There are 2 protein chains.
Amino acid sequence: MGVQTIDRAVAILHWLGNSGEQGMRLVELQRALGLKRPTVHRILSSLMEHGLVSNDSRTHLYRLGWEAAVLGWSSVPVGFDLRETAQGAMSRLAEETGATVVLCACSRRETVCIDRKAGSYPIKVFTVEVGTRRPLGVGAGSIAALAALPEEEADAVIKGLMEPLQSYPEALRRSIVPSVRLARKTGFAVSDGLVLPTVIGVGVALRDPRGVPIGTLGIASFKDSASDKRISDYAQLLLREQAKIERAFRDKMMARAKTQALAPRPAALRHAAPANR
Amino acid sequence: MGVQTIDRAVAILHWLGNSGEQGMRLVELQRALGLKRPTVHRILSSLMEHGLVSNDSRTHLYRLGWEAAVLGWSSVPVGFDLRETAQGAMSRLAEETGATVVLCACSRRETVCIDRKAGSYPIKVFTVEVGTRRPLGVGAGSIAALAALPEEEADAVIKGLMEPLQSYPEALRRSIVPSVRLARKTGFAVSDGLVLPTVIGVGVALRDPRGVPIGTLGIASFKDSASDKRISDYAQLLLREQAKIERAFRDKMMARAKTQALAPRPAALRHAAPANR
DNA sequence: CCTGATCGTCCATTATGCGGACTGTTGCTG
DNA sequence: CAGCAACAGTCCGCATAATGGACGATCAGG
């Protein structure tokens, strides 16, 4: 089905994204992928030639490169940038709660952290870095995203999730089904110390105009005597911002639909050429 | 050197980015790449499986997919998002001039449009869409980027540029060297009807804290009796915003350097795994 | 209903990518 | 500072995985 080399290259890109600014060494990647060193090295070299991967020649650490960012920017139609659209929400939430706000994008059966904002509260909760990938089901926002799927689809996804969740505690795995059920009713999800013992998280899903979850918005704070009380406050704030963001997407889409009306279908050849060799 | 399949996959991604929302048909890609149809189709299928490419099943048009955006977001350390950082500048410029503002990212020997904002002026200049790739040398910002390179490097790049610029008018090619020289003195560049006859553009380079050009900011408007006079006004505004953006990057980098101080080097294996089969 | 365009799939061939084995480099340790 | 261990990078013969010619399917227009 897939093309072996591309599958491997994409896997490498995912791992490097997940490693964030820290980066990864060649052997780490080798072990992670279960491939031989020369193979990984060759693919990395190729990706580096294209700028998708960069390599700190001092430390030999590999990271995602500038071209990965460029590819992303050039793929997002003006106004549909999730990170940008959620900017205001993130600032307001960090300001109002003082806690840590996390924005993730849904990526197949995972979520990827794409932005993070720390509030003023002196003890920061930094459970995830930008780039971190985690299977759906891990974290409050993630649960909310599952709850936003059509019930059958969610069940199917959850079934397939048990394997990647192997490395997480069983308590987390067992909590998914009931948590999702609850989130379907309330519209938000809570993760009470399941991912990290002392951390409590509240999250909502962000849906595109068709209702498909494309991201999550969450607030993380330390568990203490007052945290139970805070949960509902956080949830209210999150639901408010969720509405704003989703409306922004709807509006953008409407505006777009108007200017396009009925676009020409067959489309003759374009000429201006990307100069890749 | 490179891995054939990866080279081809990246070339496809570049072409699809360049085609923007319009998308491309299979045969167009086939012709563009000079490959056989089954080959292109197989690579496309693989990229689709990974979500990097999407396919409108009604029109059979291929476009960049959601995962391309996700990859981009997850690759950009918080605060170093060019598109986001330039947001304010784009709005102010569009507001103040009423003209069309264009933001590009430098990508090897090309520039890629990554954002666009139309001012209030009733006749819009839409020469480029988000995603459009053009060789360096085409457009005012592009010239400014060349001028921001060390002189020797710029000369080398310009030399290698003549081939991809084949499809552009000779007047444009001949204007590059003198335009770059001028831009080196003034700090901005002007493209007077060279890309499109009736359009005049002014642009500046955006440099990272090391001085390397990573993007361009430009203003495009129609040529008329007053346009000569407007050029210097536009240039002043652009230089102002250039300073702001570059300072923002410098500040972000400083802040980052502080929190990191001396990061641990060897870095043990991380466990949390991206679940790509 | 035919013609001419495109999209998608099959499968034999072979060029392409794979990985075992070697060399070079870095940094720890006694 | 010699000696070792762990890692980065390169070479090249072999076989596997990608290639592309050929075929069938689909759709639009005349």
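The sequence lines fix the lettering, A, B, ..., with proteins before strands; numbering per chain opens at 1. For clarity, every value in this text was computed on a predicted model and none was experimentally measured.
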Review point. For the pair made of NZ in B/K36 and P in C/dA15, what is the distance, rounded to whole Å?
Key: 15 Å

Check your understanding: Does A/T39 make a side-chain N or O approach to OP1 or OP2 of C/dG19 shorter than 4.0 Å?
Key -> yes

Check your understanding: Does any donor atom in the side chain of A/D115 or B/W73 lie under 3.5 Å from an acceptor atom in the other side chain?
Key -> no

Review point. Which of these nucleotides, D/dG9, D/dG20, C/dT16, is closest to any side-chain atom of A/H60?
Key: D/dG9

Check your understanding: Has the side chain of B/S46 got a donor or acceptor atom that lies under 3.5 Å from a matching backbone atom of B/I43?
Key -> no

Practice item. Could you work out which one of C/dG20, D/dA8, C/dG17 sits closest to the side chain of A/P38? Key: C/dG20

Review point. What nucleotide, of D/dA18, D/dG21, D/dC7, holds the atom closest to the side chain of A/T5?
Key: D/dA18

Study note, to complete from the structure: Out of C/dT6, D/dT10, C/dC18, minimum distance to the side chain of B/R31 belongs to C/dT6

Review point. Quick one: A/R25 CZ to D/dA5 C1', roughly how many Å, whole number?
Key: 13 Å

Review point. With a cut-off of 6.0 Å (strictly less than), are more than 12 heavy atoms of other residues, nucleotides or ligands near CD of B/E163?
Key: no

Practice item. Could you check B/I43 against A/Y62 and say which one's nearest nucleotide on DNA chain D is further toward the 5' end? Key: A/Y62

Exercise for review: Classify the side-chain pair B/R133/B/S107 by whether it contains a donor and acceptor separated by less than 3.5 Å.
Suggested key: yes

Review point. Side chain of A/L26: nearest nucleotide among D/dA8, D/dA18, C/dC7?
Key: D/dA8

Revision key, fill the gap. Per atom distances to the A/R37 side chain, the nearest of D/dG20, D/dA8, C/dG8 is D/dA8

Exercise for review: Check every strand shown and say whether A/H41 touches a base, only sugar-phosphate, or nothing at a heavy-atom separation below 4.0 Å.
Suggested key: base

Exercise for review: Please answer whether the main-chain N or O of A/R25 pairs with a side-chain N or O of A/E28 as donor and acceptor at a distance below 3.5 Å.
Suggested key: yes

Exercise for review: Using whole Å, report how far CG of A/L29 lies from P of D/dA8.
Suggested key: 9 Å

Practice item. Starting from P on C/dG20, measure out to CD on A/Q30 and report it in whole angstrom. Key: 10 Å

Check your understanding: Rounded to whole angstroms, how far apart are CG on A/N55 and P on D/dC7?
Key -> 16 Å

Check your understanding: Among C/dG19, C/dC10, D/dA18, which nucleotide sits nearest the side chain of B/R42?
Key -> D/dA18

Practice item. Nearest whole angstrom, please: distance from the C1' of C/dC18 to the CD of A/Q4. Key: 8 Å

Check your understanding: Rounded to whole angstroms, how far apart are CG on B/L35 and P on C/dT16?
Key -> 12 Å

**Study point:** Interatomic distance, B/R8 CZ vs C/dA15 P [rounded to whole Å]
**Key:** 13 Å

